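First comes the structure, then the notes that go with it.
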Amino acid sequence: MALDVLPQGLSLSGKLVRIAYNEVSISDPDGIEQVLKSKMDKGEWYKITSLPDSRFINQMSETNAKRHMEKQKNIASGYTLSNIIKSEPYIDNLFSLFRSRLDELAAAKQPIKFEQWFNYLAFDIVGEVTFSRQFGFLVQGRDIGNAIANQGFLTLYLSVVGYFQWVHNLLLANPLIEYFNLQPAMHVFDTCVAAIDARSKNDKVRKDMIEQWMDTRRKHPESMDQKEIFAAAVATIGAGADTISAVLQALFYYLLRSPKTFDLLREEIDNAQLSPIPSYEETQKLELLQACIKETYRFHSPVSLNLSRISPPGGVTVCGRHFEPGVVLSVNPWAIHRLTSVFGPDADSFNPHRWLGDPDSVRRMDRNMVAFGAGYNQCPGRNLAHLEVSKAAALMVRDYDIKQVNPGQEWKFMSHFAAVPHDWPCWVTPRKRC
Ligand code: HEM
């Protein structure tokens, strides 16, 4: 199909919508099977995620499918569940600290801004798992070096300017800007440099992500250079906090609006006699908790940007239509997750119970979940993410009563790379502890 003869914004079939000069958005399960799960190269947008600048191509900014898979293979060991679980005792220490900080805020009768506290928790967990050391957000209880505020600006910049790479090349990717280190991502870069430096002086480093990657490099120096380890660490810091904050905020925002489900969930969790800091294993056995989390991944997918791929030489047929080489084909988690044909007539409502129904329909829904993407570019942090979200959700529901300061007040959020809510302060009150 030659796109230059079609007006922009034209719906080709209801499933295929031309959203830009050379881009078609696909809201159909075929988009997952035939685009995301294919070996097509990624869209040009991803190139802007070379952080801090184009000298550091990471697994996210590598658009060539073959080279991407090689990079992904080099770092996969760091993200495996078996590796993440080794850090669980250290993650638990951070949860204890998190709980103490919430208790202090409650005792001081201060409302809690979840957009800050979930982000502090997630950043510190990334530090612990990647570098064997937390960054100190929970200890200091503040946005150290404005990292979180800068992240908001950075994702806005990336999500807009990524579509105009020539502007990026003229402005922030200009060699002079690179030379003077003026990139907006410098704080992520600086955080990573400082963490690696501190790690080199830490005699208690574990087999953390960095160590796993160094192991791969020691075994296969010809296929992985030193810069790749650094780039992977930067990508992990950049991707591992906002996303967690978004999903945890959404879980509680929608649970507060579903009081019956909240009560049932609390009953399930109270009856389960969980450890003081719920273990990952314990949380996986809680059916309603897992249904609530899945529904949150579906209903408020943290990543809200189009996942784009490029039609290959020879073109490709999707949803029965042929696209010429070079057309950008994208799949958006928010559009897919609202499909009534997959998720039912109430796809536009938050309803965790849909995940506890007929096994065939649950399998169909599972196949069409793209909160973590799909195919060769799927989120490598998904094991860590699910562990953090499961533990945090169980702990919060069991240990705190939560109420919005202004009940019913709507939160705010804009869709950049991630859709991270803010401005819905809550009171948290500790419940009786086990
Ligand atoms: C609930 C939380 C999270 C969600 C929903 C999520 C989702 C995603 C999605 C949709 C992508 C892009 C896939 C694509 O472009 O096709 C992605 C990429 C990525 N995520 Fe996550 N993510 C989450 C948490 C994390 C965490 C905790 C980490 C770090 C440990 C992480 C690390 C990454 C990295 C490094 C990439 C780039 C991967 C690549 O392009 O190969 N994510 N994530």
Side-chain angles (χ1 to χ4, degrees), residues 31-32 35-38 40-43 45-51 57-65 67-76 78-81 83-84 87 91 118-119 121-131 155 158-159 162 188 208-209 212-213 228 231-251 293-294 296-309 329-334 336-337 369-390 392-393 417-420:
I32 303 172
V35 176
L36 293 185
K37 290 190 182 166
S38 75
M40 289 181 211
D41 288 348
K42 298 198 289 179
W45 176 82
Y46 288 91
K47 288 190 174 163
I48 202 167
T49 64
S50 282
L51 299 175
I57 298 176
N58 57 44
Q59 73 269 36
M60 190 163 191
S61 60
E62 176 58 77
T63 54
N64 176 278
R67 285 199 298 271
H68 181 284
M69 284 183 253
E70 282 161 12
K71 276 197 195 310
Q72 195 70 277
K73 204 167 115 202
N74 284 340
I75 55 172
Y79 296 106
T80 57
L81 183 59
N83 189 47
I84 301 293
S87 290
I91 295 176
F118 286 144
N119 232 317
L121 174 71
F123 258 124
D124 276 349
I125 292 179
V126 164
E128 199 58 75
V129 172
T130 315
F131 307 100
T155 55
L158 297 183
S159 61
V188 182
D208 53 19
M209 278 198 196
Q212 292 281 356
W213 299 335
E228 230 175 292
V234 170
T236 302
I237 296 175
D242 265 2
T243 43
I244 299 291
S245 168
V247 79
L248 281 173
Q249 288 193 67
L251 178 69
I293 293 173
K294 240 190 215 180
T296 311
Y297 290 153
R298 181 192 77 83
F299 196 61
H300 188 100
S301 281
V303 173
S304 49
L305 205 75
N306 285 339
L307 310 178
S308 59
R309 307 291 182 263
L329 300 170
S330 58
V331 176
N332 188 298
W334 281 61
I336 292 283
H337 293 167
M369 284 287 282
V370 284
F372 291 102
Y376 74 84
N377 202 49
Q378 203 180 23
C379 171
R382 59 193 184 281
N383 294 319
L384 175 60
H386 192 61
L387 176 138
E388 290 180 50
V389 170
S390 299
F417 174 71
V420 190

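Every value quoted in this text rests on a predicted model; they were computed, and no experiment measured them. Start at 1 and go down the list; that is how both ligands and their atoms are numbered. Numbering starts at 1 and runs along the sequence shown.
- Taking atom 14 (C) of ligand 1 as the reference point, the nearest protein heavy-atom neighbour is N377 ND2, 2.8 Å.
- Closest approach of L81 and N383 over heavy atoms only: N-ND2, 3.5 Å.
- Pairing each heavy atom of S301 with each of A419, the nearest pair is O-CB, 4.5 Å.
- Listed by number with element, the atoms of ligand 1 under 4.0 angstrom from any heavy atom of H68 are 39 (C), 40 (O), 41 (O).
- Ligand 1 is never approached by M69 to a heavy-atom distance shorter than 4.0 Å.
- The closest side-chain donor-acceptor pair between K42 and N377 falls under 3.5 angstrom.
- Scanning the protein heavy atoms around atom 29 (C) of ligand 1, the nearest turns out to be T236 CG2, 3.6 Å.
- Residues passing the side-chain contact (heavy atoms from CB on, under 4.5 Å) test with D41 are N64, A65, sequence neighbours excluded.
- Closer than 2.8 Å to atom 21 (Fe) of ligand 1 sit the protein N, O or S atoms C379 SG.
- Residue-ligand proximity, R309 to ligand 1, at heavy-atom distances under 4.0 Å covers atoms 14 (C), 16 (O).
- When the heavy atoms of G375, A246, A371 are ranked by distance to atom 5 (C) of ligand 1, first place goes to A371.
- In terms of the side-chain contact (heavy atoms from CB on, under 4.5 Å) criterion, residue partners of V303 (sequence neighbours excluded) are, by chain and number, T243, L307, F417.
- A ring-centre distance under 6.0 Å is not found for F299 and H337.
- At least one heavy atom of K42 sits closer than 4.0 Å to an atom of ligand 1.
- The distance criterion of under 3.5 Å between nitrogen or oxygen atoms is met by Q72 with respect to ligand 1.
- Scanning both residues, T49 and N58, for their nearest heavy atoms gives O-ND2, 3.0 Å.
- Between D208 and F131, the closest heavy-atom pair is OD2-C, 3.2 Å.
- Nearest protein heavy-atom contact of atom 35 (C) of ligand 1 is Q59 NE2, 3.4 Å.
- Not counting sequence neighbours, the partners of Y297 by the ring-ring contact (aromatic ring centres under 6.0 Å, His included) test are F372, H386.
- The shortest contact between atom 12 (C) of ligand 1 and any protein heavy atom is with L307 CD2, 4.2 Å.
- Within 6.0 Å of NZ on K37 lie more than 12 heavy atoms contributed by other residues, nucleotides or ligands.
- Note: an N/O pair closer than 3.5 Å links Y46 and ligand 1 by distance alone.
- Under the 3.5 Å distance criterion, with hydrogens and angles disregarded, no donor-acceptor pair is assigned to the side chains of S38 and Y376.
- Counting atoms of ligand 1 from 1 in the listed order, those under 4.0 Å from a heavy atom of L384 are 30 (C).
- A side-chain donor from one of S61 and S50 sits under 3.5 Å from a side-chain acceptor of the other.
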